[in-house]
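Only one structure is covered here, and it is reproduced in the block below.
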Amino acid sequence: MLRGLDIRDILIIDRLELEFQPGLNVLTGETGAGKSILLDSLGFVLGWRGRAELVRAGAGQGEVVAWFDLPEGHPAREVLQEAGIPDNDELILRRVNTAEGRKTAWINDRRCSGEVLRQVSASLVELHGQHDDRGLLNPRGHRSLLDEYAGGAELLRKVRTGWRDRQAARAAVDAARERLEALRAEEEFLRHAVSELGVLAPEPGEEAELDARRRLMQNAERVREDISRAHGAVTGDGAEGLVSDAMRWLDGAAEHIEGRLDAGAEALARALEALGEAEQEIADCLESLAFDPHELERVAERLFALRDMARKHKVMPDELPAKAAELAGALEALEAGVEGIAVLEKVAADTDAAYLASCEALSAARRGAARRLDAAMAVELAPLKMERAVFTTQIAPGQPGPEGRDEVSFTVATNPGAPAGPLAKIASGGELSRFLLALKVCLMGESDGVTMIFDEIDRGVGGATADAVGRRLKALAEGAQVLVVTHSPQVAALGGHHWRVEKQVTGDVTLSRVTALNPAARVDELARMLAGDVVTEQARAAARALLQV
């Protein structure tokens with residue numbers, strides 16, 4: 001519910017603060033007093049499109065603040081949460097327009113984009129009037145209005161789910177066909193490459209191992225001669241033999257010098273043991289360097305084959321096994337492609353049938369709701385002096401989509417035998433207002449927390465018809481909030497809360513003022529609306545009579 005509006009330096013308003021109430025709120029005043037400026041200001045803070053120039057002459061910027069009660073579960077809370085804006089029981093919208101034309105918006109003191117502002121405001125306020133291109137007059141919204149009237153949320157959910165499944169299944173078929181066509185174009189290459197890689201049979205890490213073996217064999221012949229010499233130097237004919245002779249000679253002399261050579265003999269024993277270990281290592285190395293002269297040629301050929309294949313497929317040699325598996329998989333997909341597409345096509349056919357079945361169920365619900373809505377509109381139009389008008393909800397086949405296969409439009413014929421046409425084009429100004437009001441009454445379910453604004457929706461009607469309009473507005477306001485800008489005393493008299501908008505000129509400055517009316521002032525305002533410039537006692541008596549109805 002809209003709790004209040006604070007306007008500063010907007011057009012001919014310097015400072016204005018209003019606090020609205022639940023129920024039916026009426027705003028009255030002479031033509032040009034500034035009632036439309038209030039709606040322009042509210043539309044500005046809600047992010048609606050409106051006048052380009054709003055800042056009051058001489059002011060640096062204009063500002064509008066609107067605050068709302070936001071109960072638990074209100075649709076605006078979900079929008080706020082998605083936008084990362086704190087949601088409290090009170091929602092404050094603020095928007096500033098500089099004299100240079102820059103516009104900035106805040107929600108609960110957080111900067112926000114115009115798109116977020118409009119998403120939030122769409123769940124807060126509805127504007128209805130003769131130029132209502134955002135609500136009931138917009139044909140693009142008629143289908144959703146009918147669905148809401150039909151209570152078809154579950155049917156619509158099934159249609160949307162079916163549409164997503166259908167689109168996904170068709171996309172899978174199309175993608176499979178594209179893949180199959182691409183594979184068929186490469187079939188010859190795939191078969192050759194898979195065969196070639198199968199013959200080569202690369203192994204992970206093989207290239208590095210072959211490269212190391214090749215370098216070792218290339219260097220083996222050169223180092224083998226030096227290693228052989230080293231082996232001879234430490235074996236029996238070399239150092240090992242000399243150390244053994246030295247130990248034997250020392251053993252013979254040791255008994256004659258009373259142990260003075262014991263430490264030397266022990267050192268030679270350790271040296272002999274170390275020479276033995278060295279001889280074994282050198283021998284093992286010589287054995288490992290022994291190779292078949294043709295082995296080097298075989299290793300080099302294998303190494304170069306792996307590297308050539310890697311360059312051919314533009315991968316690293318270690319990636320060849322994975323590439324072989326990838327190409328083999330593509331070839332298997334090609335060979336199984338037709339069968340796979342047949343399976344996907346069966347799934348697509350099943351999802352298509354399920355989607356069409358859910359569409360038909362939704363269409364049936366819409367047709368039933370359309371008949372009920374047309375009957376309800378006939379009942380509502382009669383008290384509004386439009387008993388000869390015919391309202392028809394037309395349902396025509398349309399392109400399949402997530403909302404089903406129906407195109408829905410509200411059409412009217414204002415006189416018997418006259419052709420029906422779109423609501424906005426056929427009805428005159430006064431007729432259009434009454435059609436919109438009747439339609440809103442029929443479509444109104446339980447209050448969803450939306451504030452409804454009716455801008456001179458009673459234009460062109462008077463007397464009993466104006467009274468009927470007012471009573472329907474009052475009925476809409478039960479348990480909800482309705483704001484009405486009106487020139488009709490019959491409508492104004494039914495309001496629970498009444499404000500007068502008037503223009504004041506001081507010197508060369510024109511300002512608009514809004515005053516909450518007490519009972520006495522309300523009688524005078526209704527008398528003015530009834531009598532014009534000169535308010536008579538008879539007019540006041542008529543005003544009192546209206547207020548007592």
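Heavy atoms only: backbone and side chains are in, while hydrogens, waters and symmetry mates are out. Every value quoted in this text rests on a predicted model; they were computed, and no experiment measured them.
Heavy-atom contacts from other residues, nucleotides or ligands closer than 6.0 Å to CD of Glu78 number 12 or fewer. Atom CZ of Arg372 sits in a crowded spot, with more than 12 heavy atoms from other residues, nucleotides or ligands closer than 6.0 Å. Under a cut-off of 6.0 angstrom, the local environment of CZ in Arg15 is crowded, with over 12 non-hydrogen atoms contributed by other residues, nucleotides or ligands. Summarising the local packing, CG of Asp109 is surrounded by 12 or fewer heavy atoms from other residues, nucleotides or ligands at distances under 6.0 Å.
Between the CZ atom of Phe68 and the CE atom of Met1 there is a distance of 10.5 Å, given to the nearest 0.5 Å. Residue Leu156 holds its CG atom at 13.5 Å from CH2 of Trp163, rounded to the nearest 0.5 Å. Taking OG1 of Thr510 as the reference point, atom CG of Leu11 lies at 12.5 Å (rounded to 0.5 Å). With values rounded to the nearest 0.5 angstrom, Arg166 atom CZ is found 4.5 Å from Asp352 atom CG. Remark: Leu27 CG to Leu18 CG distance equals 7.0 Å, nearest 0.5 Å. With rounding to the nearest 0.5 Å, the separation of CD in Glu154 from CZ in Arg157 is 4.0 Å.
Contact detail for Thr411 and Ala420: the closest heavy-atom pair is OG1-CB, 4.1 Å. In plain terms, the two heavy atoms of Leu384 and Ala438 that are nearest each other are CD1-CB, 4.0 Å. Nearest heavy-atom pair across Phe44 and Val96 is CZ-C, 3.8 Å. Residues Ser358 and Val159 share a closest heavy-atom pair of O-CG2, 3.4 Å. Between Gln481 and Thr451, the shortest heavy-atom contact is OE1-OG1, 2.6 Å. Heavy atoms only, all atoms of each residue included: Ala468 and Pro383 are closest at CB-O, 3.4 Å.
For the pair Ser123 (side chain) and Pro75 (backbone), a donor-acceptor distance under 3.5 Å is absent. The closest donor-acceptor contact from the side chain of Asn25 to the backbone of Gln21 lies under 3.5 Å. A distance-only check finds no donor-acceptor pair linking the side chain of Glu502 to the backbone of Val514 [under 3.5 Å]. Judged by distance alone, the side chain of Asp406 and the main-chain N or O of Gly404 form no donor-acceptor pair under 3.5 Å. Without hydrogens or angle criteria, Asp14 side chain to Asp9 main chain gives no donor-acceptor distance under 3.5 Å. Between the side chain of Ser121 and the backbone N or O of Leu46 there is at least one donor-acceptor pair closer than 3.5 Å. Between the Arg540 side chain and the Asp524 main chain, no donor and acceptor come within less than 3.5 Å of each other. Using modelled atom types, no side-chain atom of Thr392 and backbone atom of Gln394 make a donor-acceptor pair closer than 3.5 Å. When atom types are taken as modelled, the side chain of Lys35 and the backbone of Gly29 share a donor-acceptor pair closer than 3.5 angstrom. Not one N or O on the side chain of Arg95 forms a donor-acceptor pair closer than 3.5 Å with the backbone of Ser41.
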Problem - Audit row: Ile107, Val120, side-chain contact (heavy atoms from CB on, under 4.5 Å) steps and yes/no - result: CA-CA 9 Å; Ile107 299 178; Val120 171; 4.0 Å; yes

Exercise for the section: Take Glu30 and Lys503 through the salt bridge (Lys or Arg N to Asp or Glu O under 4.0 Å) test and state the conclusion after the steps. Expected result: CA-CA 9 Å; Glu30 297 180 356; Lys503 187 186 298 182; over 6 Å; no

Practice task
Apply side-chain contact (heavy atoms from CB on, under 4.5 Å) to Thr28 and His487, showing your working.
Solution key: CA-CA 6 Å; Thr28 61; His487 287 285; over 6 Å; no

Problem - Check against side-chain contact (heavy atoms from CB on, under 4.5 Å), Phe20 and Leu5 - result: CA-CA 8 Å; Phe20 295 104; Leu5 194 63; 4.1 Å; yes

Exercise for the section: Applying side-chain hydrogen bond (donor to acceptor under 3.5 Å, both in side chains), run through Gln61 and Thr98 and close with a yes or a no. Expected result: CA-CA 4 Å; Gln61 68 177 33; Thr98 67; over 6 Å; no

Problem - Derivation of the salt bridge (Lys or Arg N to Asp or Glu O under 4.0 Å) call for Asp174 and Arg170 - result: CA-CA 6 Å; Asp174 292 342; Arg170 289 190 171 189; over 6 Å; no

Practice task
Starting from the C-alpha separation in whole Å, work towards a yes-or-no answer on side-chain contact (heavy atoms from CB on, under 4.5 Å) for Trp106 and Arg110.
Solution key: CA-CA 5 Å; Trp106 290 263; Arg110 294 283 184 91; 5.9 Å; no

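Using a 4.0 Å cut-off between charged nitrogen and carboxylate oxygen, Arg528 and Glu525 count as a salt-bridge pair. Between Asp147 and Arg143 there is no salt bridge, since none of the side-chain N atoms of the basic residue sits less than 4.0 Å from a carboxylate O of the acidic one. Comment: Glu380 engages Arg472 in a salt bridge, judged by a side-chain N to carboxylate O separation of less than 4.0 angstrom.
Counting heavy atoms from C-beta outward, Met386 and Phe435 have side chains that approach closer than 4.5 Å. Considering only heavy atoms from C-beta on, Ile341 comes within 4.5 Å of Glu345 through its side chain. Side-chain contact check for Val484 versus Val491: some heavy-atom pair is nearer than 4.5 Å. Within the 4.5 Å cutoff, the side chain of Leu526 has heavy atoms near those of the His498 side chain. Asn97 has its side chain out of reach of Arg102: every pair of non-hydrogen atoms, C-beta onward, lies at least 4.5 Å apart. You'll find the side chain of Val26 stays beyond 4.5 Å of the side chain of Val482, heavy atoms only. Considering only heavy atoms from C-beta on, Val65 comes within 4.5 Å of Trp67 through its side chain. Between Tyr355 and Asp165 there is no side-chain heavy-atom pair separated by less than 4.5 Å.
Listed by chain and residue number, Gln119 satisfy the side-chain hydrogen bond (donor to acceptor under 3.5 Å, both in side chains) test with Glu115 (two or more places apart in sequence, or in another chain).
Phe410 and Phe391 have tilted rings, their planes meeting at an angle from 30° to 60° on a 0 to 90° scale.
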Table please: side-chain donor-acceptor pairs of residues 83-94 below 3.5 Å, with sequence neighbours left out.
residue: Asp87; atom: OD2; partner: Arg77; partner atom: NH1; Å: 3.0
residue: Asp87; atom: OD2; partner: Gln81; partner atom: NE2; Å: 3.4
residue: Asp89; atom: OD1; partner: Arg77; partner atom: NH2; Å: 3.0
residue: Arg94; atom: NE; partner: Glu63; partner atom: OE1; Å: 3.0
residue: Arg94; atom: NH2; partner: Glu63; partner atom: OE1; Å: 3.2

